[in-house]
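The structure under discussion is supplied below as structure tokens; questions concerning it will follow.
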Number of protein chains: 2
Amino acid sequence: MPKGRQDQDLGLVDGLFELSFRLYGMLARIAAEHDLSIIQVRLLGILRDREPGMLELARYLELEKSSLSGLVDRASGRGLVERIPSADDARAATVRVTARGRKLSRVVEEAVNEEVLTLVRVLSKSDQERLATLVAEVVLRGTTGSARAPVR
Amino acid sequence: MPKGRQDQDLGLVDGLFELSFRLYGMLARIAAEHDLSIIQVRLLGILRDREPGMLELARYLELEKSSLSGLVDRASGRGLVERIPSADDARAATVRVTARGRKLSRVVEEAVNEEVLTLVRVLSKSDQERLATLVAEVVLRGTTGSARAPVR
DNA sequence: TATTGTTATACTCTATAACTATA
DNA sequence: TATAGTTATAGAGTATAACAATA
């Protein structure tokens with residue numbers, strides 16, 4: 001990454017990574033305050049409006065199905081999700097968020113949302129909008145080496 | 001996070017997180033291609049221009065000192081870093097990147113850099129500059145719940 | 001006593017490989 | 001045979017608590 005031409009100029013790549021680490025760290029910290037990990041938060045987030053099977057869930061989270069078993073075990077052990085046996089296929093089960101999981105997910109989401117908004121408050125309203133537009137363009141139209149599944 | 005007013009409008013918070021996850025995933029993937037984890041890449045990055053003690057390193061990485069021991073063990077086992085006993089304090093040691101570690105770090109850095117530049121190429125040059133400016137402003141002037149140490 | 005660092009232990013997260021049960 | 005999922009096993013990464021050696 002470019003060395004930074006001046007102290008005040010991070011360079012685009014460095015700036016983006018610094019921002020990413022910051023947001024990632026923020027999410028990890030807020031999640032931890034509720035005894036959750038980032039992956040657990042993502043799991044609950046996905047289940048907000050879906051009731052996927054294990055394989056589907058593994059695809060969303062880009063994990064092996066065996067990793068999902070443990071993840072769902074731990075979440076379900078804490079009463080955040082439950083396995084629902086499939087009616088038509090005795091091998092299969094779907095994963096459903098519980099009321100408790102949904103609530104916890106919402107609390108985390110609100111805390112995160114609030115903190116990000118505080119972070120970007122150093123920008124004027126119009127600059128915030130400009131940033132949103134630029135970021136959306138990169139996210140929606142930019143492609144990376146691996147075409148990643150949406151985070152939730 | 002806001003539900004997304006329209007399909008094409010992610011909203012600032014969602015967009016920033018989507019971008020963060022994307023960059024984080026990209027870094028993890030490229031690191032893994034070189035048998036490294038993100039934390040190992042960060043470790044090597046910090047050592048690029050420093051030879052800190054274990055406690056100092058723990059502060060940089062925001063880890064417990066005991067976590068550092070294992071991290072440095074594994075990196076040193078692979079010949080990427082070495083512990084240098086301190087001359088004046090027999091308890092202390094500093095951590096130094098080896099030539100091999102430096103080289104590996106550089107390769108990863110270049111791959112990452114290139115891929116990020118490819119990603120933002122959907123924006124015009126002037127939009128890229130605008131984005132860099134806005135991001136730098138947020139990163140340099142925005143504050144989050146925990147005042148994080150610089151990533152490297 | 002305080003500081004630097006390691007060790008013991010335990011847990012989460014992840015993968016690979018082998019397995020079970022059903023389709 | 002193929003598919004959905006779990007289990008066995010192993011390793012990285014992390015924390016807390018206890019420890020050793022030195023200051």
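All values below come from the heavy atoms of this structure, side chains included, with hydrogens, waters and symmetry mates left out. We name chains A, B, ... by the order of the sequence lines, and we start the count at 1 in each one.
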What is the separation between atom CZ on B/Arg74 and atom C1' on C/dT7, rounded to the nearest whole Å?
14 Å
I want to verify a distance call: between C/dT6, D/dG13, C/dC13, whose nearest atom is closest to the B/Arg83 side chain?
C/dT6
Taking atom P of C/dT14 as reference, at what distance in whole Å does atom CG of A/Leu68 sit?
9 Å
Using atom CD1 of A/Ile38 as one end and atom P of D/dT14 as the other, report the distance to the nearest whole Å.
12 Å
Measure from the side-chain N and O atoms of A/Arg100 to the backbone N and O of A/Arg78, and report whether any donor-acceptor pair falls under 3.5 Å.
yes
Donor-acceptor check, side chain of A/Arg48 to backbone of A/Arg102, threshold 3.5 angstrom: yes or no?
no
Distance in Å, B/Glu51 CD paired with B/Glu82 CD, rounded so as to fall on 0.5 Å steps:
8.5 Å
Side chain A/Glu137, main chain B/Val122, donor-acceptor under 3.5 Å
no
I need the CG-P distance between A/Leu57 and D/dT6, as an integer number of Å.
11 Å
So what does B/Asp88 hit on the nucleic acid, given a heavy-atom distance under 4.0 Å: a base, only sugar-phosphate, or nothing?
sugar-phosphate
Between B/Asp127 and A/Arg130, is the closest basic N to carboxylate O distance under 4.0 Å?
no
Looking only at N and O atoms, is any donor in the side chain of B/Ser66 or the base of D/dT14 less than 3.5 Å from an acceptor on the other one?
no
Separation of D/dG5 C1' from A/Asp73 CG (nearest whole Å):
11 Å
Nearest of D/dG5, C/dT4, D/dA15 to any side-chain atom of B/Ala92?
C/dT4
Could you tell me how far apart B/Leu55 (CG) and D/dA23 (C1') are, to the nearest whole angstrom?
14 Å
Which nucleotide in D/dT22, D/dT7, C/dT14 has an atom nearest any side-chain atom of B/Ala90
D/dT22
Nearest-Å distance, NZ (A/Lys65) to C1' (C/dT20)?
11 Å
Check whether any side-chain N or O of A/Ser69 sits under 4.0 Å from OP1 or OP2 of D/dT6, and answer yes or no.
yes
To the nearest angstrom, how far is A/Arg91 atom CZ from D/dA4 atom C1'?
5 Å
Mapping B/Asp89 and A/Ser67 onto DNA chain C by nearest heavy atom, which one lands closer to the 5' end?
B/Asp89
